[in-house]
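Quick notes on the structure that follows.
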Amino acid sequence: MPAQLPRTLTLSQLWLLSIRSFTTTSIAIVLSGDDIQLVNDNQLKKDSDLAWTEETMLALLKDIHSVDLCFAFEYDEAYPGLELWAHRVILSRYKTLANMIQKTTEAMSEEMNDVNSSKTLLEVGVPHAVESLVIPVASFSFATLCVIPRYIYTGRIYRSVDTNLHAISKFNGHLSPNPASNYRKKMFVLWQTTDSKTPSDFNTVTWEELLMAADFYGVVDLRDRCESKVISAIKKSNVIETLFNIGCCFDNVKESALDYIVENMRPLMSGGKDPFEPYKFHPECHNLVMEVMRRRDRKA
């Protein structure tokens, strides 16, 4: 029989407690009469059960009552001041994200202990500062980051972002370099609703944008899938751009782009044009041109 759990916990809390590796061992919560039970994925045999699991994860993704971590986009050019919320326990499946969360928590703990040096955070009852961590985002757009938690929660890639599927808030002001000053007391959070001025849809996120973000946050399975998509999309019109903008960061993309250039050098240089000219000041331009020449010599 599945394990019985106390009914004093909320459904969201039960789900968070039961989440492990979603892509390997899924856990579902089944409500049966007055009992709340955990069911292993081996018991979820029907497509309807699996669909229910994904629907539940999507419901959790936008559950403003249980989220406890937000990514703050102070400098997003299109939509500054938005915050994207998620659950620490779910994001922590990935080592890089877990380290970010731990580092932010420790920094906040140090600040709080400096203020109240006679008590630890546990002794003061885990204040709101720890319940709502804030991680600033400066290198990626709000739309790009929306794709990542949805993938982590469901295992599916949706590059067309619908903000109605996420827990989103709006903040005014500026983020502090002091992590303890950036916490959010959820009772004062300005949640964005479907009838707000926040757009419900964004432009489709490119595979290149998603690849860079997935790599930065260590979502390795998503990174690998994005990398394959970028490689499969290499063609005459984008191979040079892909080589310099993406290939310099990802070896597999670089190898594929270099091979394509060597195989298609004649059409790339038709009309006497130099396909490398726009990147002549790029720090890797000389090395990449030399590598193309070496590969052509080996091929000959």
Side-chain angles (χ1 to χ4, degrees), residues 71-80 84 94-100 103-104 135-148 151 157 159 161 174-175 177 202-300:
F71 294 93
F73 299 81
E74 182 178 3
Y75 301 109
D76 188 293
E77 294 182 359
Y79 307 104
L84 178 67
Y94 293 91
K95 184 177 179 180
T96 300
L97 282 167
N99 289 340
M100 288 183 182
K103 184 179 295 184
T104 303
I135 296 181
V137 179
S139 302
F140 305 104
S141 70
F142 178 83
T144 301
L145 257 291
C146 283
V147 181
I148 291 181
Y151 173 80
I157 303 174
R159 294 184 297 129
V161 176
H174 300 283
L175 295 174
F202 289 79
N203 293 331
T204 300
V205 176
T206 67
W207 288 113
E208 292 79 4
E209 292 170 332
L210 191 54
L211 171 60
M212 299 296 287
D215 181 65
F216 181 83
Y217 290 104
V219 187
V220 293
D221 45 346
L222 176 59
R223 179 200 63 198
D224 292 344
R225 293 174 65 177
C226 292
E227 189 176 55
S228 296
K229 290 291 186 179
V230 171
I231 290 172
S232 66
I234 290 176
K235 53 188 176 181
K236 178 184 174 181
S237 62
N238 69 7
V239 63
I240 303 298
E241 179 183 1
T242 300
L243 174 63
F244 282 94
N245 293 345
I246 307 298
C248 288
C249 301
F250 299 92
D251 289 340
N252 290 337
V253 175
K254 180 173 73 173
E255 289 298 314
S256 297
L258 287 171
D259 288 344
Y260 185 96
I261 292 169
V262 171
E263 294 292 333
N264 298 274
M265 183 61 74
R266 188 181 298 275
L268 285 170
M269 300 188 70
S270 62
K273 64 182 179 182
D274 178 6
F276 293 95
E277 198 279 334
Y279 297 92
K280 62 183 179 181
F281 296 115
H282 192 285
E284 290 297 316
C285 185
H286 175 75
N287 293 335
L288 291 173
V289 171
M290 292 299 296
E291 181 60 25
V292 169
M293 294 175 63
R294 282 192 291 269
R295 294 187 182 209
R296 291 197 69 193
D297 288 343
R298 289 198 298 267
K299 181 182 177 183

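All values below were derived from every heavy atom in this structure, side-chain atoms included, with hydrogens, water molecules and symmetry-related copies excluded. Keep in mind that this is a model prediction, so the values were computed, not measured.
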What do the steps show when you test Tyr260 against Thr242 for side chain to side chain contact (heavy atoms under 4.5 Å, CB included), and what is the final call?
CA-CA 11 Å; Tyr260 185 96; Thr242 300; over 6 Å; no

Measuring only between side-chain heavy atoms, which start at C-beta, is [X] closer than 4.5 Å to [Y]?
| X | Y | value |
| --- | --- | --- |
| Tyr151 | Asp221 | yes |
| Tyr217 | Phe71 | yes |
| Val219 | Leu97 | yes |
| Tyr279 | Glu284 | no |
| Ile157 | Leu210 | yes |

As an exercise, state the distance from [atom1] of [X] to [atom2] of [Y], rounded to the nearest 0.5 Å.
| X | Y | atom1 | atom2 | answer |
| --- | --- | --- | --- | --- |
| Leu145 | Phe216 | CG | CZ | 9.5 Å |
| Glu208 | Asn245 | CD | CG | 9.0 Å |
| Ile148 | Tyr94 | CD1 | OH | 10.0 Å |
| Glu241 | Ile246 | CD | CD1 | 8.0 Å |
| Glu291 | Leu258 | CD | CG | 6.0 Å |
| Asp215 | Cys226 | CG | SG | 10.0 Å |

CZ/Arg294: more than 12 non-hydrogen atoms of other groups inside 6.0 Å:
yes

Near Met212 CE, under 6.0 Å, is it more than 12 heavy atoms from other residues, nucleotides or ligands?
no

Can you name the nearest heavy-atom pair linking [X] to [Y], along with the distance?
| X | Y | value |
| --- | --- | --- |
| Phe73 | Ser141 | CE2-O, 3.6 Å |
| Ser270 | Lys236 | OG-NZ, 4.4 Å |
| Ile231 | Ser256 | CG2-OG, 3.4 Å |
| Leu288 | Lys254 | CD2-CD, 4.0 Å |
| Ile261 | Leu268 | CA-CD1, 3.9 Å |
| Asn238 | Lys235 | OD1-N, 2.8 Å |

Quick check: does any side chain N or O of Arg159 sit under 3.5 Å from a backbone N or O of Val205, one acting as donor and the other as acceptor?
yes

Met269: side chain to side chain contact (heavy atoms under 4.5 Å, CB included) partners, not counting sequence neighbours:
Met265, Pro275

With sequence neighbours left out, the residues meeting side chain to side chain contact (heavy atoms under 4.5 Å, CB included) with Asn99 are Lys95, Gln102

Let's go through Arg223 and Glu227 carefully: what are the C-alpha distance in whole Å and the side-chain angles of both, what is the deciding distance for salt bridge (Lys or Arg N to Asp or Glu O under 4.0 Å) to 0.1 Å, and is it a yes or a no?
CA-CA 6 Å; Arg223 179 200 63 198; Glu227 189 176 55; 5.7 Å; no

Walk me through whether Lys299 and Glu263 qualify under salt bridge (Lys or Arg N to Asp or Glu O under 4.0 Å).
CA-CA 9 Å; Lys299 181 182 177 183; Glu263 294 292 333; 3.0 Å; yes

